[in-house]
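Reading through the structure tokens given below for one structure.
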Amino acid sequence: MRLVLGKNENSGANATAATAVGMMAIVLWSLMMGLVRLVSESFGATLGPALIYTCGAALLLVFRRPKPLSQAPRRYLLIGGALFVFYETSIALSIGLAASAAQSVEISLVNYLWPTLMVLLAAAVSHRRHAVPYAIPGAIVATAGVIVSVGGNSGLDWQVAAHNVSTNPLPYLLSFAGAFAWAVYAVATPSMAKGYDGTSVFFPLVTCTLWIIHFITEAVGGSQDGSGRSWISGLEAAFGNLGGQLGTQPVTAWLSVLFAAMAIAGGYACWGYGILHGSMEKMAVASYATPLLSVAASAVLLHVSLSVPFWVGALLVVAGSIVNWLLQKR
């Protein structure tokens with residue numbers, strides 16, 4: 001979810017309609033976390049995301065074909081592409097690796113620290129007077145929101161939150177690392193891109209990365225199951241088992257793959273259209289509601305009952321982003 005502020009020359013009904021299309025991205029992205037979890041529960045933590053992004057890459061190539069690569073700055077393709085691939089890969093895997101549906105919602109909220117991290121990074125490199133001090137209050141509020149959410153009924157308790165994370169640290173680490181990578185992407189790539197949008201180019205790279213991770217994971221797991229097989233034999237077995245894994249899934253599982261791909265790819269397509277033709281400032285303000293909408297959508301899709309402290313934490317994450325935005329406008 002790339003946050004870009006600025007002005008365009010569109011006005012009137014066309015700009016209003018384009019802004020509405022752009023805001024549809026917020027709704028679609030809010031569905032992403034819950035849908036990815038549903039797919040991962042059916043296909044597995046590595047195969048599920050690989051299938052989603054394969055479908056998503058195909059949709060983007062059909063409905064949002066990229067400009068010729070010759071028009072893309074090489075620096076943007078290398079640095080921006082690496083950050084984009086890392087973000088999408090880490091977020092998709094973190095949701096699948098969660099120990100439970102409830103924990104996947106917690107992990108998704110950690111991901112939504114990226115607006116706060118983005119403001120902190122932008123302030124650090126802007127050289128504007130008081131930029132960093134203005135960014136700190138919102139960062140504290142948003143971080144407190146994550147601690148409250150992860151801490152459960154214990155509220156703002158660092159020790160309880162740390163204990164909950166320590167039981168399954170990898171998905172939390174992946175989610176936070178992804179949030180940081182996306183903050184860097186949002187701050188660093190606009191000047192590199194020079195108007196080129198590489199989303200449709202980067203998506204196939206995410207797909208390839210996820211497939212590689214899946215087969216390596218399967219191969220390593222197969223070589224360590226006590227059968228004495230080498231990892232090469234494990235890799236061959238992973239390829240051989242793929243057809244069986246895919247063929248045994250019900251239609252509902254495949255529909256989840258399609259809907260997840262549509263949510264992710266459609267979100268990028270709608271956001272890109274809104275940026276080009278609508279009000280980017282209105283879209284940016286609306287995007288701060290994404291954490292709350294995502295939590296609500298995930299709770300419904302995954303049939304998870306969330307505690308009052310969790311909802312308070314989600315509201316604090318949103319509030320932290322809004323505080324940052326208001327102080328940066330001063």
Side-chain angles (χ1 to χ4, degrees), residues 1-7 22-23 25-26 29-30 32-33 76 79-91 94 107-147 149 172-193 197-199 202 264 267-268 271-272 274-275 279-295 313-330:
M1 288 163 282
R2 185 177 178 184
L3 185 62
V4 183
L5 295 177
K7 297 180 179 180
M23 289 184 178
I26 298 168
W29 279 329
S30 298
M32 170 188 166
M33 298 299 183
Y76 168 66
I79 299 176
L83 290 168
F84 188 99
V85 170
F86 180 81
Y87 170 74
E88 295 291 342
T89 302
S90 62
I91 294 304
S94 68
I107 290 165
S108 70
L109 198 60
V110 174
N111 166 60
Y112 287 115
L113 282 174
W114 73 261
T116 297
L117 293 171
M118 181 192 69
V119 171
L120 284 171
L121 287 173
V125 302
S126 68
H127 304 297
R128 288 187 302 153
R129 188 179 181 185
H130 303 310
V132 173
Y134 281 163
I136 290 176
I140 293 174
V141 172
T143 303
V146 171
I147 294 170
S149 298
Y172 289 98
L173 291 173
L174 283 173
S175 186
F176 182 78
F180 183 78
W182 194 249
V184 175
Y185 181 92
V187 172
T189 60
S191 60
M192 298 180 193
D197 184 0
T199 302
F202 299 152
I264 299 171
Y268 277 112
W271 189 259
I275 284 175
S279 170
M280 290 174 278
E281 185 170 359
K282 290 180 181 178
M283 288 167 55
V285 173
S287 70
Y288 291 131
T290 307
L292 197 59
L293 292 174
S294 179
V295 167
L315 286 170
L316 286 174
V317 172
V318 175
S321 297
I322 294 174
V323 168
N324 277 331
W325 176 73
L326 290 173
L327 290 178
Q328 291 302 313
K329 287 179 68 70
R330 294 182 59 177

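To the nearest 0.5 Å, the span separating OH on Tyr112 from OG on Ser175 amounts to 9.5 Å.
The side-chain contact (heavy atoms from CB on, under 4.5 Å) test with Pro291 singles out one residue from Val318, Leu315, Asn111, and that residue is Val318.
Here Val85 pairs with Thr89, Leu205, Val206, Thr209 under the side-chain contact (heavy atoms from CB on, under 4.5 Å) rule; sequence neighbours left out.
When side chains are defined from C-beta on, Leu293 does not count as touching Trp29, because their heavy atoms never get closer than 4.5 Å. Using a 4.5 Å heavy-atom threshold, the side chains of Met33 and Ile91 count as touching. Using a 4.5 Å heavy-atom threshold, the side chains of Leu113 and Phe180 count as separate.
The minimum heavy-atom distance between Val141 and Leu316, with the atom names listed, is CG1-O, 3.4 Å. Shown here for Thr116 and Gly320, the closest heavy-atom pair between the two residues is OG1-C, 4.5 Å. Listed here is the closest heavy atom pair of Ile136 and Leu120: N-CD2, 4.4 Å. For the pair Leu83 and Ala181, the tightest heavy-atom approach, listed with the atom from each and the gap, is CD2-O, 4.0 Å. Between Ala122 and Val187, the shortest heavy-atom distance links the atoms N-CG2, 4.0 Å. Nearest heavy-atom pair, Val295 versus Ala314, reported as atom, atom and distance to 0.1 Å: CG2-CB, 4.3 Å.
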Apply side-chain contact (heavy atoms from CB on, under 4.5 Å) to the pair Thr199 and Phe84, showing each step before the final yes or no.
CA-CA 8 Å; Thr199 302; Phe84 188 99; 4.1 Å; yes
Verdict with supporting geometry, Ile79 and Thr189, side-chain contact (heavy atoms from CB on, under 4.5 Å)
CA-CA 8 Å; Ile79 299 176; Thr189 60; 5.5 Å; no
Going through the checks in order, is the ring pair (Phe, Tyr, Trp, His ring centres under 6.0 Å) test met by Tyr268 and Trp271?
CA-CA 5 Å; Tyr268 277 112; Trp271 189 259; 9.4 Å; no
For Tyr76 and Phe202, what are the C-alpha separation, side-chain angles and deciding distance, and is it a ring pair (Phe, Tyr, Trp, His ring centres under 6.0 Å)?
CA-CA 11 Å; Tyr76 168 66; Phe202 299 152; 5.5 Å; yes
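Here the side chain of Tyr185 pairs no donor or acceptor atom with the backbone of Tyr87 at under 3.5 angstrom. A donor-acceptor pair is defined here as one N or O able to donate and one able to accept, closer than 3.5 Å; no such pair exists between the side chain of Ser94 and the backbone of Leu174.
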